[in-house]
Each structure stands twice: as structure tokens, then as C-alpha cells.
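Lettering follows sequence order; numbering is per chain, from 1. Source: prediction; values computed, not measured.
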Protein chains: 4
Amino acid sequence: MKDIQSQFDSRRINIKKVGVKKVSYPIIVRDKSQKKQHTIATANLYVNLPHEFKGTHMSRFVEILNECRGEITMKSFSSILVKMKERLNAEASHLELEFPYFTKCEKNGRDYVANYKCAMHGSLLKEGNLTLSIDVPICLPNFEKKQERFPGSMGSWGTVQVSVRFNQFFWIEDLLELIEKSVERELNETFHNTSGSLSVESLSKTVASGLEDTEEIEWFSVTAHNFGDDFSTFAAVKSC
Amino acid sequence: MKDIQSQFDSRRINIKKVGVKKVSYPIIVRDKSQKKQHTIATANLYVNLPHEFKGTHMSRFVEILNECRGEITMKSFSSILVKMKERLNAEASHLELEFPYFTKCEKNGRDYVANYKCAMHGSLLKEGNLTLSIDVPICLPNFEKKQERFPGSMGSWGTVQVSVRFNQFFWIEDLLELIEKSVERELNETFHNTSGSLSVESLSKTVASGLEDTEEIEWFSVTAHNFGDDFSTFAAVKSC
Amino acid sequence: MKDIQSQFDSRRINIKKVGVKKVSYPIIVRDKSQKKQHTIATANLYVNLPHEFKGTHMSRFVEILNECRGEITMKSFSSILVKMKERLNAEASHLELEFPYFTKCEKNGRDYVANYKCAMHGSLLKEGNLTLSIDVPICLPNFEKKQERFPGSMGSWGTVQVSVRFNQFFWIEDLLELIEKSVERELNETFHNTSGSLSVESLSKTVASGLEDTEEIEWFSVTAHNFGDDFSTFAAVKSC
Amino acid sequence: MKDIQSQFDSRRINIKKVGVKKVSYPIIVRDKSQKKQHTIATANLYVNLPHEFKGTHMSRFVEILNECRGEITMKSFSSILVKMKERLNAEASHLELEFPYFTKCEKNGRDYVANYKCAMHGSLLKEGNLTLSIDVPICLPNFEKKQERFPGSMGSWGTVQVSVRFNQFFWIEDLLELIEKSVERELNETFHNTSGSLSVESLSKTVASGLEDTEEIEWFSVTAHNFGDDFSTFAAVKSC
């Protein structure tokens with residue numbers, strides 16, 4: 001078989017991104033309480049391609065993913081980026097993973113399993129640019145009549161999406177706690193003062209304030225979404 | 001070109017359904033206030049296939065759709081079913097259309113456009129079995145502090161999905177009014193009595209009660225969904 | 001707190017289905033080569049509700065799911081159905097699980113991970129009605145120039161969806177093998193005889209023929225989908 | 001009612017984006033052969049918000065959309081951006097519209113309706129930055145046995161997504177023709193030379209070459225996707 005990918009291409013067009021998308025893959029991530037958590041990622045892997053190459057070796061992307069045996073830590077994440085760059089002769093490599101992350105909690109003597117949409121994005125252009133994202137669902141509490149969420153929840157108010165870059169290791173659980181504390185503060189304030197209705201603008205600012213003072217966080221972005229019946233409203237804040 | 005579709009197939013296996021799915025198609029439906037409404041349908045068209053046929057003429061499905069020039073009424077709907085059955089030598093034909101339906105309303109001197117997910121399903125096996133379905137979004141009102149929905153809606157509580165079979169012509173707008181009156185009654189009752197929280201069970205029963213007494217309705221089914229932060233709860237009721 | 005759910009409801013309306021939908025939940029299923037496979041299910045759990053009850057205890061559904069500790073076998077599946085029926089005072093209980101299932105294979109000295117969409121549906125009305133469903137993706141081979149799938153696959157021709165009811169234990173891997181053998185037979189026949197193009201009608205019949213002679217299979221349904229650029233075509237076959 | 005939105009906010013946090021998302025709205029766009037085409041857009045409208053404001057007037061976004069009566073041209077698009085900036089006291093305004101666009105064509109004496117996913121994105125920061133995007137589906141031809149696409153298409157190979165900025169008015173139909181000519185050239189070359197398999201890398205470069213020489217095009221980006229059975233491969237090219 002001829003190696004078409006390495007042939008010379010005379011058209012002077014650079015390919016900015018080339019790779020594989022939506023690879024469904026079982027992974028294991030670190031879990032604060034249980035040490036390891038099995039989950040399933042949707043992965044995108046891609047590199048740039050200088051104009052002199054005709055194509056890339058698509059099969060190598062999945063090969064590299066196989067080599068890490070599904071254990072995704074900050075270390076293995078980086079090593080995947082390095083391998084991609086090397087084996088595909090690229091100048092830049094990119095890895096995006098999206099996965100559900102489950103936490104267990106106990107309320108009124110019952111176990112609950114909560115489910116968060118997480119994502120890890122990283123590139124090998126500059127150091128330390130791994131971004132962790134998480135979606136925290138927001139449910140309005142029924143303050144007057146304290147009751148279980150079932151039956152008859154107040155519905156799904158919306159979500160807060162938070163993306164962060166850390167300068168050292170940080171548990172997903174600790175990030176969740178940080179966010180949920182801000183959300184609770186905002187909910188309490190909203191329902192005990194005059195306005196009575198939670199706004200995306202104020203919520204995104206409150207969550208941002210809570211992240212600003214955390215030393216381990218280098219950069220963050222916060223977006224609050226409020227689901228309406230016909231469409232959503234949203235507000236986004238970024239650290240400078 | 002050989003007509004492969006009409007060839008004899010010796011395997012004695014009947015095909016229950018054969019056809020096309022997810023055809024995106026611009027249509028025109030009747031609108032109570034504006035006479036005509038342009039919208040876009042996603043259509044499924046299929047027939048059964050007796051075991052002696054090798055295949056069907058897939059291109060004829062879209063051909064028949066083209067012939068009605070996009071005007072979908074109860075009459076043209078039936079004529080599509082008849083044409084499918086005839087031209088494809090089938091015993092049964094089925095047509096499913098899904099489309100957004102828009103209504104305009106005025107609140108506080110401002111125009112609003114509301115958007116409902118509608119569906120029409122019909123088969124040519126027995127008479128009069130055209131089913132119309134509609135999704136009505138439910139937003140919890142903020143009873144204490146009367147205010148505009150923007151900003152800071154209470155979120156999306158859920159939906160009520162209603163499917164009906166009529167014995168005579170009935171406007172989509174009139175069905176909507178019937179449903180929304182029941183929803184409002186349930187919301188009022190919920191927030192002015194002890195429970196304080198809307199349940200899918202009670203809501204589906206109340207909407208069903210409102211449909212039971214309408215003479216033009218031969219058959220109905222009601223499903224209420226309550227969107228939670230992690231999952232939904234639901235309750236479904238059918239007329240017997 | 002008042003137990004609203006058990007209150008008497010004087011409206012004489014039966015609720016056919018009431019429960020929870022789209023619960024995301026980590027589960028463990030049996031795997032022929034590795035014994036156990038960690039995956040993530042989307043679960044629907046529901047029961048019927050006699051008209052004299054006002055509502056159901058929604059929180060009990062997730063409680064029952066928690067009790068099985070995520071291990072889903074044919075046995076635990078049945079025991080979930082039994083528990084739902086008992087604790088919710090229902091006449092019928094229903095459980096639907098959808099999950100990705102991964103298999104490993106080796107081609108040309110390289111490991112590949114294949115991903116199948118699986119579903120298990122069961123009800124407690126009559127015995128032995130657990131249905132297993134699986135989606136097998138179909139990629140057209142490039143018969144003339146034998147080559148790796150990367151780069152430049154022929155695209156995604158479509159899928160074959162198979163649902164079966166077994167009368168005894170049967171591995172997912174063995175069902176997959178059964179289906180893929182039929183698909184291969186059909187592909188070979190198609191590309192070595194005159195027609196040259198794979199049809200949904202013939203493919204669904206060939207896969208059905210392959211299932212008919214398997215003793216462990218009590219009932220089956222096969223649907224072939226061919227993805228076109230604008231819409232899909234499909235054909236469905238059921239065992240009588 | 002108090003005007004909460006205009007209140008002063010002492011936290012020094014700027015909101016980068018605030019607005020409404022996924023507004024479903026019937027629109028009319030210009031059509032080369034039929035002058036006007038009715039379609040349905042999904043719209044996002046947003047502005048930035050200086051840190052001294054507490055919130056924005058969410059209802060004004062939809063109000064402004066209502067004022068253009070659904071007629072979307074390059075002129076009305078700009079005027080929506082201007083109105084948003086003015087009425088919401090913002091420094092920047094953004095409008096994103098996504099809609100299906102239908103074209104009619106005749107093949108072998110039959111009418112066909114083709115459906116393209118289009119998008120228009122624009123911002124009011126600098127002049128002339130309206131971007132038009134279009135998705136062109138790619139189906140592999142069966143070169144050996146010329147035949148109708150039905151039944152038994154070769155499946156859905158993938159898509160080419162093209163985004164462009166024009167320096168003068170340009171019909172969607174003319175952009176489509178430009179892209180489809182390049183795709184055809186690439187398909188012909190692929191199937192008449194040695195490689196025999198279409199690659200995302202080469203396809204994206206060929207489409208890019210076709211756009212480079214068009215004077216009306218100021219800037220473009222091209223991404224080719226090849227749908228595999230388990231995941232997609234892709235390559236992206238941008239004009240500098």
C-alpha cells in the first residue's frame with residue numbers, strides 16, 4: 001500500500017485542524033471519594049498540518065488513545081498531546097474530552113446520584129493550558145414549603161457552566177463545592193430580598209466572584225443559562 | 001435499467017414498513033387568524049410490502065409529496081395516503097409530519113410569537129384516523145410578585161403533550177385554547193391550596209378532563225412532563 | 001409532611017404510565033471476554049396508576065435503582081421490576097435501559113474499540129418479556145482496493161437495528177456475531193452480483209433469515225436504515 | 001415595577017455576553033429563483049454589558065426581532081445589530097441566525113427539493129463582518145453503475161461546511177454552485193486516479209482553492225467531515 005498521507009502536496013494550503021471527532025471511548029478518571037470512576041468520554045483529537053503534506057495518518061489518533069488504556073489524569077492527558085505532536089509530525093496538537101461525572105450524596109438517609117457534564121480541553125502550544133469545564137444544573141427551591149424535590153419539582157431553572165484553568169491539581173468535587181456554595185448564596189439572597197427572581201446576570205457575577213479569590217485558579221469563564229418555555233436567556237463572564 | 005424493485009423474492013418474509021424518514025420539507029398549513037402559515041415539516045412516509053416483492057420504489061414517496069405542492073390540509077393529507085397505497089401496490093400507507101406552529105399574541109401592548117411543536121400522524125387502514133399532536137410548554141408563574149417573564153423566569157417546568165383524533169375540522173388554535181385553559185385552572189388550584197407544587201399526575205388528569213367533554217374529540221392521550229435538574233418525571237392518560 | 005401521593009382522587013381517570021425518564025446512571029453489565037463492563041445507562045422507570053390514587057412516590061423509583069448497586073443482569077433486571085410493582089402498589093411495572101456497549105477487537109496487529117448502542121426493555125405483566133436491542137453500524141467496504149478504513153472511509157451507509165427476546169441467557173457478543181455474519185453475507189452478495197447497490201429491503205430480510213433459525217430467540221424485529229444526504233430510507237421486518 | 005436592570009452594580013465584573021438563545025422564529029430570506037423563501041430560524045441575540053449595569057432588558061431582544069417583520073436581508077440584519085446596540089446601551093451587539101434553505105432542481109424530469117443548513121453571523125464592532133455559513137452534504141456516486149440514488153444509496157459520506165465573508169451581495173445559490181463544482185471536481189479526480197478514496201484533507205483543500213479566486217469573497221473557512229461508522233474524521237482550512 002502506498003503511503004498517500006506523506007506524499008508531497010504542491011497546493012500551498014495549510015490545514016489548520018485535521019483529526020477525528022466524536023470518538024466514544026470508555027475512560028477512568030480520578031474521583032475524590034472512590035479513587036477511580038469509570039465513565040465514557042466523547043473525544044476529539046486533532047493536529048495542524050503544514051501545507052507540504054498531503055494528508056495525515058488518521059488511524060494513529062485512536063492508536064494513541066488506546067495506549068493510555070483509558071486512564072485519564074492530568075499526566076496522561078499531557079502525554080497524549082505530546083505523542084500526537086510527535087507521531088503526526090505536527091506543530092500543534094489538541095485533545096478534547098467530554099464525559100458525565102457522577103457524585104454520590106446522602107439526603108435524609110437516602111443515597112442520591114448526581115450527574116454533571118464535564119469536559120477537559122487541552123493543546124500543546126504553550127504550557128499548562130488544560131481547561132476543565134463543568135455544567136451545574138440549577139433547580140429553584142420551594143422556600144415556603146420545605147419538601148422533597150419529588151414530586152412536583154419547580155422545574156429546571158437552568159445551568160451554570162464554568163470553565164477553569166488551574167495552576168495545580170484540583171479535585172472536580174472541590175470545584176463543584178465552590179460553585180454550589182456561590183449558587184446557594186445567590187438563591188438565598190434572591191428569595192429573601194425584594195427582587196424575588198433569579199437573574200442570569202447576577203448569578204454569573206456571583207459565581208465569578210467566588211472563583212476570583214481561589215489561588216489555584218489561573219483563569220475562568222462563567223455562563224449562566226435560564227431555560228424559558230420558548231428560548232433561553234444567558235449571561236457570560238470571563239476573568240481577564 | 002432493470003426494475004429490481006418489482007422482482008420476485010422467494011424468501012417468505014413480509015416487510016412491515018418500508019419508506020423514507022426525516023425528509024425535511026417546506027409546507028403550508030391552515031392558520032385561524034392569518035389563513036395560511038408557512039412552516040417546515042419533517043416527514044416520514046412508509047407502506048407495508050408483501051413478501052413476494054423484492055423492494056419498493058423509494059423515489060415515488062418524495063414524488064407524491066412534491067405533487068401536493070406543500071399545502072397540507074386534512075384533505076391533501078388523505079390524498080397523499082391514497083396515492084402512496086396505490087402507486088406502491090401496498091395494503092397500508094402511513095404518513096407522519098412534524099412541524100413548528102407559530103401563533104402571535106399581544107401582552108401589555110407588545111407582540112409575542114409563541115412556538116408549538118405539532119405533529120400529524122395518519123394511516124390508510126381504517127377511516128378517520130388522523131391524529132394531531134401538540135406540545136404545550138409549561139412555565140410556573142411567579143404568583144407573589146406579578147412581573148414580566150423577563151428577566152429571571154422561573155425556568156421551564158415542563159410540557160403537556162396532547163394527541164387527539166377529531167370527528168370534524170378543528171383549529172389548532174382552538175385545541176391550544178382548550179389545553180391552556182385547563183393548565184391555568186390547575187396552576188391556580190395548585191398555588192392557592194395547600195400542596196403548593198404542581199404534579200404531573202394531577203396536571204395530566206385535569207387536561208384530560210377538559211378534553212373529555214369536547215364533542216369533536218373522538219380519542220385523546222395526554223402526557224405531562226416535569227423537567228428536573230437530573231431527569232424528568234411524567235404521567236400519561238388516555239381516553240378509553 | 002402530608003402524604004399527598006396516597007390521597008384519594010375522585011376523578012375517575014386512570015394513569016397509564018407514571019414515573020421517571022432519562023435518569024443517567026452508571027451500570028455494570030456482563031461482558032463475554034472481560035466478565036464485567038462499566039458503562040452508563042439512560043433509564044426510564046414507570047408503572048401504571050389506578051384512578052383512585054392521587055399520585056405516586058417518584059423518589060422510590062431512583063431508590064430501587066440505587067439498591068441494585070448498578071449491577072444489571074437478567075436477574076437484577078427482573079428484581080427491579082418486581083420491587084417497582086410492589087412498592088408503588090401498581091399492576092404493571094416497566095424498565096427501559098439504553099447504554100453504549102464496547103467490544104475490543106484486533107485488526108492487523110492493532111487494537112480497535114467498537115461501540116454499539118444497546119437497549120434492554122422489560123415489563124412485569126407477563127413472564128419472560130425482556131427485549132434486548134442493538135444497533136449495528138454498516139460501512140460499505142471498498143472491495144476493489146483493499147485498504148484500511150482510514151483515511152477516506154466510504155462513509156456511513158446506515159445501521160441495522162435488531163430487537164430480540166431470548167428464552168435463555170445469550171451473550172451480547174454472540175448476538176453481534178450472528179448479525180454481522182448476515183450483514184457480511186449480504187454485502188458479499190451485493191457486490192459480486194449484478195445490482196451493485198445494497199438495499200434496505202434485502203438487508204433486513206437477510207438479517208431476519210439469520211435470526212429465524214436460532215433456537216434461543218423467541219421473537220425478533222429487524223430494521224435497516226440507509227442514511228442518504230437529505231433523508232434516510234428504511235425497511236422493517238418482524239417475526240410473527 | 002422597579003427597573004432592576006438599570007440599577008447600579010458595585011461588583012466590578014463586566015458581562016461579556018448577555019442575551020437570548022434558541023429563539024425559534026419564522027423568517028423570509030431572498031431566493032434567486034423565487035425571490036422570497038419562507039423558512040424558520042433559530043436566533044441568538046446578545047450584547048456586552050459594562051460592569052456598572054446590574055442587568056439588561058431581555059424582552060427588548062425579541063421586540064427588535066419583531067420589528068423587522070421576519071424579512072431578513074443584509075440590510076435588515078445590520079439594522080437589527082444597530083438597534084440592539086442602541087436600545088440596550090451596549091458597546092457591541094451580536095446576531096446569529098441558523099435556518100434550513102431549500103432549493104428546487106429537476107433531474108430526469110422529476111422535481112427534487114434539496115435542503116441546506118445555513119447560518120448568518122454578524123457583530124457590530126467593525127464594518128462588514130457578516131458571515132454566511134452553509135453545509136453541503138456529500139454522497140459518494142456509484143460510478144460504475146449509473147443509477148438513481150434510490151434505492152440503495154452509497155450512504156452519507158459526510159459534509160463540507162463553508163463559511164464566507166463577502167464584500168458585496170452574493171446569492172446563496174451561487175455560493176452553492178461554486179462549492180458543488182469543486183466537490184464534483186474532487187470526486188472525479190478521486191475515482192479516476194489511483195487512490196480511489198476521498199480524503200477530508202484533499203477535499204477541504206480543493207474547495208478552498210475554488211473560493212480563493214472569487215473576488216467577492218473576502219475571507220473563508222472550509223471544514224470537510226467524513227462520517228465513519230463509529231466516529232468522524234475532519235480537516236479544516238482557513239484563508240489567511
Toward chain A, the part of [X] with a non-hydrogen atom under 4.5 Å:
X	result
D:Thr223	neither
D:Ser202	both
D:Thr206	both

Original post:
Between A:Tyr46 and A:Phe61, does the ring centroid distance fall short of 6.0 Å?
Top reply: no
Subject >> Which atoms of A:Ser209 approach chain D - backbone, side chain, both or neither, heavy atom under 4.5 Å >> reply: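 Both backbone and side chain.
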**OP:** Determine the interplanar angle of the D:Tyr101 and D:Phe99 rings, folded into 0 to 90°, and report it as parallel if under 30°, tilted if 30 to 60°, perpendicular if over 60°.
**Re:**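 Because their plane-to-plane angle is over 60°, the rings of D:Tyr101 and D:Phe99 count as perpendicular.
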**OP:** Is it possible for you to check whether D:Lys21 lies under 6.0 Å from the centre of the six-membered ring of A:Phe234, through NZ or CZ, and within 45° of that ring's axis?
**Re:** yes
**OP:** Would you mind telling me which of D:Val222, D:Asn14, D:Leu49, D:Ile15 has the largest number of heavy-atom pairs within less than 4.5 Å of chain A?
**Re:** D:Ile15
**OP:** May I ask you to decide if D:Cys68's main-chain N or O and D:Ser76's side chain share a donor-acceptor pair within less than 3.5 Å?
**Re:**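 Pair absent, no side-chain N/O of D:Ser76 close to backbone of D:Cys68.
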Original post:
Are A:Asn167 and A:Glu218 linked by a side-chain donor-acceptor pair shorter than 3.5 Å?
Top reply: no
